[in-house]
Amino acid sequence: MKACVLHAPALVKMDPLRYEDVPVPQPARGEVLLRIKVCGVCRTDLHVIEGELPPRKSPVIPGHQIVGIVEALGEGARRFAKGARVGVPWLHSTDQTCEYCRSGMENLCDHPTFTGYTVDGGYAQYVVAPEAFVYPIPASFPDEQAAPLLCAGIIGFRCLRLSGIKRGGRLAFYGFGAAAHVAIQVARHWGVEVYAATRGENHQRLALQLGAVWAGEASAEPPAKLDAAIIFAPAGELVPPALMALKKSGVLVLGGIHMSPIPTFDYNLLYQERVIRSVANNTRQDGEDFLRVAAEIPIRSNVTLYPLQDANRALNDLKTDRVNGAAVLDCA
Ligand SMILES: [Zn+2]
Ligand SMILES: [Zn+2]
């Protein structure tokens with residue numbers, strides 16, 4: 001099969017992925033083999049490819065927002081029929097035995113595997129995944145619309161949940177890429193008033209089109225005090241201005257897997273029971289709940305499609321803010 005393979009981490013401007021022939025993987029016990037239709041490009045892929053996340057498998061095929069068709073079943077796999085359309089997310093598997101798994105926090109598992117990082121992912125024509133960790137894709141979503149839901153969507157949904165935001169509340173997004181442009185649709189569906197602080201006029205315009213009541217620069221002060229804020233941009237310097245925008249007891253959620261250092265700030269910004277918390281991965285329950293809500297709304301993503309062999313170009317466009325919404329690779 002064809003795949004875009006990372007042999008050693010490097011800046012994406014060096015075009016580090018090599019488009020080459022590799023063997024089709026074989027499904028092990030409990031796994032399904034998927035023929036990949038599309039794979040979303042996520043900011044986490046940038047962190048893997050540029051080495052901000054320490055290499056865990058090399059070479060590795062990145063990509064963890066995979067939509068594919070079940071082509072073969074490993075021994076004992078019987079959850080899906082051949083021909084079913086399913087999605088593979090970032091959380092590839094957990095040990096299901098550690099204290100976190102046993103207490104409903106499998107997103108924090110001590111021994112997880114991650115798609116496109118510790119195991120090969122979806123910048124390819126085929127992939128294998130444990131059947132217990134893949135999602136049926138609601139029929140109403142075309143392939144390329146489903147891909148951005150699988151990480152940007154699910155993680156954004158978990159961020160919304162952990163922000164504690166309620167109907168009629170005020171919420172700001174810092175950074176308005178793939179995750180925020182999906183999460184705003186859920187927030188609006190819940191009757192939340194949304195503010196968007198983000199660099200780039202394109203992203204600000206998209207936020208307003210999707211129902212934000214205000215859009216400004218990344219560290220600009222929103223015109224109202226907020227119940228909650230979510231930082232999707234990997235920029236630690238946004239933490240103090242985001243805290244400053246919160247009401248007493250407001251919650252600041254950090255949605256990224258990687259962030260530049262957070263500058264020191266005055267305790268007054270945190271005092272009055274303001275909360276900062278990170279979000280790590282997601283549980284399968286988050287994914288199932290989100291896909292149901294996404295189909296109800298229904299979520300519409302702004303998608304830019306790239307051929308599989310142009311993965312380097314997609315990553316460069318993402319890094320330089322030239323993707324408005326979500327980038328998706330066409331792998332078929
Ligand atoms: Zn575990
Ligand atoms: Zn992701």
Side-chain angles (χ1 to χ4, degrees), residues 34 38-45 47-48 62-68 85-94 100-101 104-109 112-117 121-122 127 129-138 140-165 171 173 175-190 230-232 234 253-258 277-303 325-328:
L34 307 184
V38 296
C39 181
V41 178
C42 174
R43 187 163 288 277
T44 298
D45 300 339
H47 300 318
V48 169
H64 58 268
Q65 302 188 93
I66 305 167
V67 177
R85 188 174 67 145
V86 299
V88 184
W90 169 246
L91 187 67
H92 181 263
S93 75
T94 61
Y100 300 100
C101 285
M105 294 186 283
E106 65 180 1
N107 59 306
L108 303 179
C109 177
T113 57
F114 296 114
T115 313
Y117 180 39
V127 71
E131 64 170 1
F133 284 82
V134 305
Y135 301 107
I137 302 284
S140 52
F141 291 111
D143 297 330
E144 71 279 6
Q145 283 290 320
L149 303 179
L150 290 166
C151 182
I154 294 172
I155 295 294
F157 185 68
R158 186 170 175 84
C159 290
L160 285 174
R161 277 187 158 167
L162 295 188
S163 78
I165 194 72
L171 170 73
F173 295 118
F176 204 85
H181 105 291
V182 173
I184 190 177
Q185 298 177 57
V186 179
R188 296 293 300 124
H189 183 67
W190 289 349
I230 302 172
I231 300 184
F232 286 117
V253 174
L254 311 181
I257 192 170
H258 169 83
R277 70 175 303 164
S278 65
V279 161
N281 317 312
N282 63 276
T283 65
R284 282 172 280 179
Q285 191 69 50
D286 291 325
E288 283 158 22
D289 293 348
F290 169 66
L291 288 173
R292 193 167 47 243
V293 173
E296 261 167 42
I297 294 178
I299 299 276
R300 288 286 307 166
S301 298
N302 251 40
V303 169
V328 173

| query | Does the side chain of His92 come within less than 4.5 Å of Pro112's, by heavy atoms? | reply | no
Do Cys39 and Val67 have side-chain heavy atoms sitting under 4.5 Å apart?
no
Value for CD1 (Ile184) from CD1 (Ile299), rounded to nearest 0.5 Å, stands at 10.5 Å
- Are side-chain heavy atoms of Val186 and Ile297 found at a separation under 4.5 Å? yes
Next on the checklist: Checking Val41 against Val328 for the side-chain contact (heavy atoms from CB on, under 4.5 Å) test, could you report, in this order, the C-alpha distance in whole Å, the side-chain angles of both residues, the deciding distance, and whether it holds?
Outcome noted: CA-CA 6 Å; Val41 178; Val328 173; over 6 Å; no
Is there a donor-acceptor pair under 3.5 Å between the side chain of Ser301 and the backbone N or O of Val303?
no
CZ of Phe290 to CZ of Arg161, rounded to nearest 0.5 Å, is 11.0 Å
**Message:** Can a donor-acceptor pair be found, under 3.5 Å and without considering hydrogens, that links the side chain of Gln185 to the backbone of Arg300?
**Reply:** yes
Is the closest side-chain heavy-atom distance between Val88 and His64 below 4.5 Å?
-> no
*asked:* Would you say that His47 contacts Pro234 through its side chain, given a criterion of any heavy-atom pair below 4.5 Å between the two side chains?
replied: yes
Of all heavy-atom pairs linking Val48 and Gly116, the shortest is CG1-O, 4.0 Å
On a heavy-atom basis, the closest approach of Gly255 and Cys159 is CA-SG, 3.7 Å
Shortest non-hydrogen pair, Val182 vs Gly153, comes out as CG1-CA, 3.9 Å
In this structure, CZ of Arg284 is separated from CG of Asp289 (nearest 0.5 Å) by 13.0 Å
Can a donor-acceptor pair be found, under 3.5 Å and without considering hydrogens, that links the side chain of Gln65 to the backbone of Cys151? yes
Can you tell me how the ring of Phe114 sits relative to the ring of Trp90, calling it parallel under 30°, perpendicular over 60° and tilted otherwise? parallel
Side-chain heavy atoms of Gln285 within contact of Glu106, under 4.5 Å:
no
_When you compare the side chain of Leu162 with that of Phe157, does any pair of heavy atoms fall below 4.5 Å?_
no
Output yes when a side-chain donor or acceptor of Thr113 lies under 3.5 Å from a complementary backbone atom of Ser93, and no otherwise. yes
Any donor-acceptor pair under 3.5 Å from Asp286 side chain to Thr283 backbone | yes
The reported gap from CG in Asp45 to OG1 in Thr115 (rounded to nearest 0.5 angstrom) is 10.5 Å
The reported gap from CG in Leu291 to CD1 in Ile154 (rounded to nearest 0.5 angstrom) is 5.0 Å
Nearest heavy-atom approach of Pro89 to Gly87 is CD-O, 3.9 Å
Original post:
Do side-chain atoms of Asn281 reach the backbone of Asn107 as a donor and acceptor pair under 3.5 angstrom?
Top reply: yes
Output side-chain donor-acceptor pairs under 3.5 Å for residues 131-138, partner residues at least two apart or in another chain, one line each.
from   : atom 1 : to     : atom 2 : distance (Å)
Glu131 : OE1    : Arg78  : N      : 3.1
Glu131 : OE1    : Arg79  : N      : 2.7
Tyr135 : OH     : Asn282 : ND2    : 3.4

Close side-chain approach of Val86 to Leu34, heavy-atom, < 4.5 Å
yes
From the list Ile155, Leu171, Val279, Val253, side chain to side chain contact (heavy atoms under 4.5 Å, CB included) partner of Leu160 resolves to Leu171
For Gly121 and Ile66 the tightest heavy-atom approach is C-CD1, 3.9 Å
